[in-house]
Novice: 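Can you keep this structure in mind? I'll have questions shortly.
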2 protein chains.
Amino acid sequence: MATKNNGQIDPKRRIFEAAAALFVNKGYSAIGVREIAKEAGVNIAMINYYFGGKSGILKDILEDAFGKYYHAQASAGDNSTPPEERVRNLVANVVQFFRENTTEALIFFNSAVLDIPELKGLKEKWSKMYSDLMLELFLQMGVELKDPVHASIYNGFLGGMIKNHFQYRYELEKNKKTAEACVEGDKKELKHIEFDDLFYQRYVDLLVHQYFHGVIYATQKDKMKYGPK
Amino acid sequence: MATKNNGQIDPKRRIFEAAAALFVNKGYSAIGVREIAKEAGVNIAMINYYFGGKSGILKDILEDAFGKYYHAQASAGDNSTPPEERVRNLVANVVQFFRENTTEALIFFNSAVLDIPELKGLKEKWSKMYSDLMLELFLQMGVELKDPVHASIYNGFLGGMIKNHFQYRYELEKNKKTAEACVEGDKKELKHIEFDDLFYQRYVDLLVHQYFHGVIYATQKDKMKYGPK
DNA sequence: TTTAATTAATCAAACGTTTGTATTATATCA
DNA sequence: TGATATAATACAAACGTTTGATTAATTAAA
């Protein structure tokens with residue numbers, strides 16, 4: 001499925017993408033099914049037909065996003081990979097994931113902090129999978145993630161930082177788009193940033209240093225001052 | 001105002017606090033005025049009477065939160081303060097701000113990523129104030145925040161990390177509360193974390209090292225590899 | 001000091017609109 | 001002809017807001 005039909009991609013895909021674009025901008029609860037249907041160019045009834053309801057779209061978006069996000073982190077290496085190389089793979093993979101799935105990723109991170117009853121079960125499963133992965137990874141760096149202070153800082157640390165950038169970038173490009181829709185005279189203030197491969201090469205480099213070096217340095221200092229374990 | 005009256009705090013304050021508690025849990029758009037009024041123990045009409053509408057409550061919450069957040073950062077020192085000391089003050093102040101205003105702070109950070117038309121003007125003002133402050137602060141550390149790569153990483157970096165922890169803590173304590181409401185036999189799995197002064201002393205220490213040391217190290221490495229400016 | 005006028009606070013009820021979903025009917029294609 | 005896909009419409013529930021009446025508190029005039 002999801003292929004062309006009558007010169008258009010299939011309706012299910014159109015609903016998915018229209019909903020994602022709206023959710024990421026205003027949030028799940030602020031968007032109505034009529035708005036989604038209009039944007040996707042389908043009848044309202046199609047949403048319940050394909051997704052079983054409004055929340056079905058969100059579920060699909062989030063399951064897709066988490067699957068990719070988890071894979072990006074799990075495939076960064078294993079215990080036989082040197083820690084610094086593993087961290088570099090990790091950062092590079094997560095950045096890649098965000099570049100390829102910006103909308104879904106932002107929805108995922110922004111929905112994670114909300115209490116949405118229909119998602120309770122899924123969220124618990126994701127949380128478990130994620131913390132198992134992190135525990136194992138940090139152990140290799142010599143960081144005891146079961147220490148509440150370390151856990152409080154490093155749980156979601158990397159993803160949070162990268163998410164921050166892509167949210168910032170999303171906002172930037174949204175404003176640029178609305179500004180371009182105005183009269184041309186107002187364009188002069190718009191500094192154009194090229195978010196290309198070169199940009200992300202430097203970005204990943206900087207982040208790896210900030211992350212890996214910072215973790216090693218900070219946790220060692222902590223051990224020296226407050227004693228081991 | 002906001003004092004005791006008939007043994008209860010005044011209705012405006014009750015609405016404010018009830019709304020904040022609901023907003024932080026499910027998000028602004030998912031909460032209705034009836035739910036707020038019920039939780040606050042007032043009549044629905046009181047919301048429009050005191051706040052001019054549902055969005056008026058959110059505005060008040062956010063303006064209050066930003067004011068305190070900005071002050072926490074602006075009062076960390078000036079150009080005559082040694083950088084490392086200034087960073088320590090900054091981290092300590094922001095952590096203090098979050099400890100004293102957890103609910104408002106989380107609402108502020110979570111609402112910042114949403115397009116809420118009524119808030120457009122306010123958000124632009126806040127963004128300007130914040131970036132002026134950061135530009136000046138990073139300059140003292142030798143970091144050129146106008147470089148898009150540096151800006152992409154360090155804009156909202158510190159606040160994002162700390163927000164992450166308090167969101168994590170909020171989630172933890174929410175789940176604990178609901179678990180305690182269950183039968184006693186299920187309590188055994190609940191590891192109790194004391195988020196006291198000692199905890200945050202270590203937390204601030206670790207964050208300062210992660211932050212300050214990481215920034216200096218990463219930006220220097222970046223300059224060496226990709227050249228200055 | 002009592003009475004009258006004014007303001008502030010609260011309430012139940014209803015406003016018109018929009019919400020997500022369900023039903024039913026009609027095309028489209030095998 | 002039977003299954004799949006699309007559409008128009010209906011529906012109860014919930015939405016944010018407004019209304020007009022009522023009470024309590026305050027101020028002004030007598």
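In what follows, every chain begins at residue 1, and chains take the letters A, B, ... in the order their sequences are listed.
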Novice: Sort out for me which residue in F97(B), F109(B), W126(B) forms a ring pair (Phe, Tyr, Trp, His ring centres under 6.0 Å) with F66(B).
Specialist: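 That would be W126(B); it is the only one of F97(B), F109(B), W126(B) passing the ring pair (Phe, Tyr, Trp, His ring centres under 6.0 Å) with F66(B).
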Novice: From CG of N48(B) over to P of dC11(C), roughly how many Å is that when rounded to an integer?
Specialist: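 Result: 15 Å.
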Novice: In whole Å, I'd like the distance from the NZ atom of K54(B) to the P atom of dG16(D).
Specialist: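 Distance, rounded to whole Å: 4 Å.
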Novice: Measure from OH on Y49(A) to C1' on dA8(D) and round the result to the nearest Å.
Specialist: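 Answer to the nearest Å: 17 Å.
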Novice: Without decimals, in angstroms, what is the distance between I47(A) CD1 and dG20(C) P?
Specialist: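 It is 8 Å, rounded to the nearest whole Å.
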Novice: How close or far is atom P of dT19(C) from atom CG of L22(A), stated in whole angstroms?
Specialist: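 Rounding to the nearest Å, CG of L22(A) and P of dT19(C) are 12 Å apart.
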Novice: Within the structure shown, what part of the strands sits under 4.0 Å from I44(A) by heavy-atom distance: base, sugar-phosphate, or nothing?
Specialist: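 The residue I44(A) makes base contact.
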Novice: Counting only side-chain heavy atoms from C-beta out, which of dC11(D), dA12(C), dC15(D) sits nearest to A45(B)?
Specialist: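 The answer is dA12(C).
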Novice: Figure out the NZ/P separation between K38(B) and dC15(D), and round it to whole Å.
Specialist: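 From K38(B) NZ to dC15(D) P: 11 Å.
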Novice: Please report the distance, rounded to the nearest Å, between CG in L58(A) and P in dG20(C).
Specialist: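 Rounded to the whole Å, the gap is 13 Å.
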Novice: By nearest atom, which of the nucleotides dT4(D), dC15(D), dT10(C) is closest to the R34(B) side chain?
Specialist: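 From the listed options, dC15(D) comes nearest.
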Novice: Rounded to whole Å, how long is the line connecting atom CD1 of I15(A) with atom C1' of dG20(C)?
Specialist: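 In whole Å, dG20(C) C1' lies 14 Å from I15(A) CD1.
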Novice: Flag the pair F199(A) / E194(A) as yes when at least one side-chain heavy-atom distance between them is below 4.5 Å, and no otherwise.
Specialist: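 No, too far: nothing below the 4.5 Å cut-off.
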Novice: Does the S111(B) side chain pair with the main chain of F108(B), one donor and one acceptor, at a distance under 3.5 Å?
Specialist: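 Absent.
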Novice: Have a look at I31(B) and say if it touches a base, only the backbone sugar-phosphate, or nothing, with a 4.0 Å heavy-atom cut-off.
Specialist: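 Sugar-phosphate, no base atom in range.
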Novice: Taking atom types as they are modelled, is there a donor-acceptor pair under 3.5 Å from the base of dA12(C) to the side chain of N43(B)?
Specialist: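 By the distance-only test, yes, there is a pair.
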Novice: Would you mind classifying the nucleic acid contact of Y50(A) as base, sugar-phosphate or nothing, using non-hydrogen atoms under 4.0 angstrom?
Specialist: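 It contacts sugar-phosphate atoms only.
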Novice: Among dC11(C), dA7(D), dA22(C), which nucleotide has an atom closest to any side-chain atom of M46(B)?
Specialist: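 Out of dC11(C), dA7(D), dA22(C), the nucleotide with an atom closest to M46(B)'s side chain is dC11(C).
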Novice: For the residue pair Y130(B) and Y69(B), does the interplanar ring angle fall in the parallel (under 30°), tilted (30 to 60°) or perpendicular (over 60°) class?
Specialist: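 Taking Y69(B) first and then Y130(B), their aromatic rings lie parallel (interplane angle under 30°).
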Novice: Start with the C-alpha gap between F51(B) and K59(B), add the side-chain angles, then the distance that decides, and say whether side chain to side chain contact (heavy atoms under 4.5 Å, CB included) holds.
Specialist: CA-CA 9 Å; F51(B) 294 92; K59(B) 265 187 202 164; over 6 Å; no
